[in-house]
Every structure is written in C-alpha cells, then in structure tokens.
Amino acid sequence: MSTTITSAPAVDTLLSRRSIRKFKPDAIDPQTVDTLEAAAQHAASSQFLNDWSAIRITKPSLKAKLAAIGRQEYIATAPLLYVFVLDERRNAMIAEAKGVDTSEQRFALRYGYRFSQAQNDAVLALHAMETAAESMGLGCVILGSLLNDIPELIATLHLPTYTFPVLGLAIGKPDQEPALKPRMPRSMQFFDNTYPSDDTAVRELKAFDAEVHQYYDLRNTERPVDAFSDQIASLAEDETALDRGLCDAEAQGFNLNR
C-alpha cells in the first residue's frame, strides 16, 4: 500500500519516536519539568475522574531500587523518572468526604471497569508527557519492566489501597541514536468496518518478519532481533504474568470480577 504522509511538527515527533536507554547526565530544568507535567495533565480523562497520579522519583537510592526491580541499569541513570499509577484512592477520599461509604458494594470505583479506565487514563497521560518531551529534543523510554515485581514496587512506593502501578517513564537528553524500529504494514492493523474473517491480519507477516529480523537493537548489537512471529509465540505461552497481575490488583482493594 502506497502512503502519503503529511508533515507537521506533532506528526514528525510521533513518527520519529524511539526508545532511548542511555542518557547524558544533565539535569532537566524546572521549567521543562513543569511543561511536561502540564502536558500529561491535559491528556483525555474518562468521565473527568482524573484517576491517575505520577510518582516523581528523585532519590538516587530509590532510582537504584527501581533499576533492580526492572533489571535494567539505565533506569538508575535517568535524569527524570516517573512511575504512573492508576489512582482511585484520591476519588475514594473525595467520595468519603461527601458521605459515601467506600466499604459498601455500591462504591463503584473499585470494580474492574473503573480499573481498566483508570489504567487507560494513566497511559494516555504518560504518552502525552513522552510526546511533549520528544518534541523538546529529549529522549524517553517507557518502563513496563517495573512490573516485574509488582508487590515490591507497591511496597517501595508506599502505594495505598485503590492505587496500582501502570508504567514508568524515564526522560533525559539522549546519549545514543538507535535506529527506528520497524512498524508492521497498516493493512495488518487497520481494517474497514469489521475485523476481517480471512487472513488479512497476517497476510504480510512473512515480509514483516524479515524486516524485523534485520533490525539491530542497541541493547544487543551482536545479533539481529528475533522475527516478530517468534516474539509473539514466545510471549503467548507466558501465562503466569497475567494471573500474578490480577492477584496483585485484588490485593490493592480492586474487585476485577464485576
């Protein structure tokens, strides 16, 4: 499929995004921090509940602890580091002040729908911050690795009931220039009106596998990246992560069955 893409500052920023895992030691100035946090706050929010928060990590010892949880040393070197959390704790406190008994079944903010919507809101806010940072010449990497040990992360950040960690975001001045990672053909991801009943979603997989296999990640320059289909097959057999995450969420006070 031939494509014609319009150039615009925001579009150019999004199309050139890449994960940066090596940062210069320069601190990020307060005005930039204010700008990035304002950008995050202007992301869309389901029902205007504002049900996310972000923990700004400034202590070197705490950065080192998160690097150990994520098993990625570069987390400790990030000049600016956040952990975004879905947050119904604040709304529970507001509701209690208005006379709502949050221990009763009618406290709707602790159920699965609000959990997923709050998680979405946290991701939207993080992405807004990431895009703003990249538009200002900074580099970022989203840190799903912090969820390697969710109970330890919760304990480390003292996250109360009705909160849950979603993702981390490391920001700094780039000290590397990785190649753009390949993106699958749009015909495999964009469909008209309904999900295709034929093999459209995988029709161009062989060519995409070959393209991905030619990409070299700076984390391991000795060998090409595994083919996309091999990566999917490997992750598809990891059943423990989902079960563990659900149990951890319920331990934080959420009821995900409703």
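Along the sequence shown, residues carry numbers from 1. Quick caveat, the model's predicted, so the values are computed rather than measured.
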Task: Beyond-backbone contact of Asp248 with Phe164, side-chain heavy atoms, under 4.5 angstrom - done: yes

Task: Shared hydrophobic cluster for Met136 and Leu80 (ILVMFWY, side-chain gaps under 4.5 Å) - done: yes

Task: Cluster check Leu14, Leu126: I/L/V/M/F/W/Y, side chain < 4.5 angstrom - done: no

- [ ] Check whether any side-chain heavy atom of Met129 lies under 4.5 Å from a side-chain heavy atom of Gln41, and answer yes or no.
- [x] no

- [ ] With rounding to the nearest 0.5 Å, note down the distance linking CG in Asp149 to CZ in Arg71.
- [x] 8.5 Å

Open item on the list: Would you say CD of Gln176 has more than 12 non-hydrogen atoms from neighbouring residues, nucleotides or ligands within 6.0 angstrom?
Closed with: yes

Task: Trace of the side chain to side chain contact (heavy atoms under 4.5 Å, CB included) decision for Leu138 with Lys173 - done: CA-CA 5 Å; Leu138 298 172; Lys173 295 181 180 179; 3.9 Å; yes

TODO: Give a yes or no on whether Met93 atom CE has more than 12 heavy-atom contacts from other residues, nucleotides or ligands under 6.0 Å away.
DONE: no

Task: Within-4.5 Å side-chain heavy-atom neighbours: Arg90 and Ser53 - done: yes

Task: Asn50 side chain to Phe48 backbone, donor-acceptor under 3.5 Å - done: yes

Open item on the list: Checking Thr163 against Leu157 for the side chain to side chain contact (heavy atoms under 4.5 Å, CB included) test, could you report, in this order, the C-alpha distance in whole Å, the side-chain angles of both residues, the deciding distance, and whether it holds?
Closed with: CA-CA 11 Å; Thr163 65; Leu157 299 181; over 6 Å; no

Task: Atom of Thr13, atom of Thr131 and distance for their closest heavy-atom approach - done: CG2-O, 3.6 Å

Task: 4.5 Å side-chain heavy-atom contact, Gln47 and Arg114 - done: yes

Task: Pair Tyr111, Gln105: side-chain N/O donor-acceptor within cut-off below 3.5 Å - done: yes

Open item on the list: Strictly distance-based, threshold 3.5 Å: is any side-chain N or O of Gln252 a donor or acceptor partner for the main-chain N or O of Pro160?
Closed with: yes

TODO: Can you sort out the partners of Phe191 under ring pair (Phe, Tyr, Trp, His ring centres under 6.0 Å), two or more places apart, ordered by chain and number?
DONE: Tyr195

Task: Side chain proximity check, Glu134 to Cys140, heavy atoms < 4.5 angstrom - done: yes

- [ ] State, without any angle test, whether Gln31 and Asp34 hold a side-chain donor-acceptor pair at a distance under 3.5 Å.
- [x] no

Open item on the list: Please check: side-chain N/O of Asp199 versus main-chain N/O of Val202, any donor-acceptor pairing under 3.5 Å?
Closed with: no

Open item on the list: Quick check against the 3.5 Å criterion: does Arg203 have a side-chain atom that pairs as donor or acceptor with the backbone of Ala201?
Closed with: no

Open item on the list: Ignoring hydrogens, what is the shortest heavy-atom contact between Asp12 and Ser7? Give both atom names and the distance.
Closed with: OD2-OG, 2.9 Å

Open item on the list: Looking at Lys63, I want to see if its NZ is surrounded by more than 12 non-hydrogen atoms of other residues, nucleotides or ligands under 6.0 Å.
Closed with: yes

Open item on the list: Heavy-atom count check: over 12 atoms from other residues, nucleotides or ligands less than 6.0 Å from Glu177 CD?
Closed with: no

Open item on the list: For the backbone of Phe23 and the side chain of Tyr74, can you confirm whether one donor and one acceptor N or O come within less than 3.5 Å of each other?
Closed with: no

- [ ] Specify the closest pair of heavy atoms between Phe254 and Glu88, including all atoms of both residues, with the distance to one decimal.
- [x] CE2-CG, 4.1 Å

Task: Spacing of CG belonging to Leu143 relative to CZ belonging to Arg21, to within rounding of 0.5 Å - done: 9.0 Å

- [ ] With the side chain counted from C-beta on, respond yes when Gln231 and Val212 share a heavy-atom pair under 4.5 Å apart, and no when they do not.
- [x] yes

Open item on the list: Assess the residue pair Glu250 and Phe115 against the criterion (side chain to side chain contact (heavy atoms under 4.5 Å, CB included)); give the C-alpha distance rounded to whole Å, side-chain angles, the decisive distance to 0.1 Å, and a yes or no.
Closed with: CA-CA 11 Å; Glu250 290 173 350; Phe115 182 94; over 6 Å; no

- [ ] Flag the pair Ser234 / Asp226 as yes when at least one side-chain heavy-atom distance between them is below 4.5 Å, and no otherwise.
- [x] no

Open item on the list: Quick one: does any side-chain atom of Asp121 pair with a main-chain N or O of Ser46 as donor and acceptor, under 3.5 Å?
Closed with: yes

Open item on the list: Between Asn148 and Ser145 (side chain of the first, backbone of the second, donor and acceptor by atom type, cut-off under 3.5 Å), is there such a pair?
Closed with: yes

TODO: Taking Asp209 for its side chain and Ser229 for its backbone only, find out whether a donor-acceptor pair lies under 3.5 Å.
DONE: yes

Open item on the list: Do Asp87 and Asp51 have side chains that approach each other closer than 4.5 Å (heavy atoms only, starting at C-beta)?
Closed with: no

- [ ] Would you check if the side chain of Arg56 reaches a backbone N or O of Ala54 as a donor-acceptor pair within less than 3.5 Å?
- [x] no

- [ ] Please report the closest heavy-atom contact between Ala67 and Glu73, naming both atoms and the distance.
- [x] CB-O, 4.3 Å

Open item on the list: Please say yes or no: joined through hydrophobic side-chain contacts below 4.5 Å, possibly via intermediate residues, are Leu109 and Leu256 part of one cluster?
Closed with: yes

TODO: Enter the distance from Thr102:OG1 to Ile94:CD1 here, rounded to the nearest 0.5 Å.
DONE: 12.5 Å

- [ ] Indicate the atoms forming the closest heavy-atom contact of Ala128 with Ala40, along with that distance.
- [x] CB-CA, 4.2 Å

Task: Distance-minimising heavy-atom pair for Ala122 and Phe84 - done: O-CD2, 3.8 Å

Open item on the list: For Leu169, is there any backbone N or O sitting under 3.5 Å from a side-chain donor or acceptor partner on Glu130?
Closed with: no

- [ ] Kindly compute the distance separating OG1 (Thr35) from CD1 (Ile28), expressed to the nearest 0.5 Å.
- [x] 11.5 Å

TODO: Can you measure from CD (Glu152) to CD1 (Ile69) and round to the nearest 0.5 angstrom?
DONE: 5.0 Å

- [ ] Treat each ILVMFWY residue as a node, draw an edge where side-chain heavy atoms are under 4.5 Å apart, and state whether Val33 and Ile57 are in one component.
- [x] yes

- [ ] Could you state whether Ile171 and Ile142 fall into the same hydrophobic cluster, counting links through intermediate Ile, Leu, Val, Met, Phe, Trp or Tyr residues with side-chain heavy atoms under 4.5 angstrom apart?
- [x] yes

- [ ] Working to the nearest 0.5 Å, report the span between CG of Leu49 and CG of Leu86.
- [x] 12.0 Å

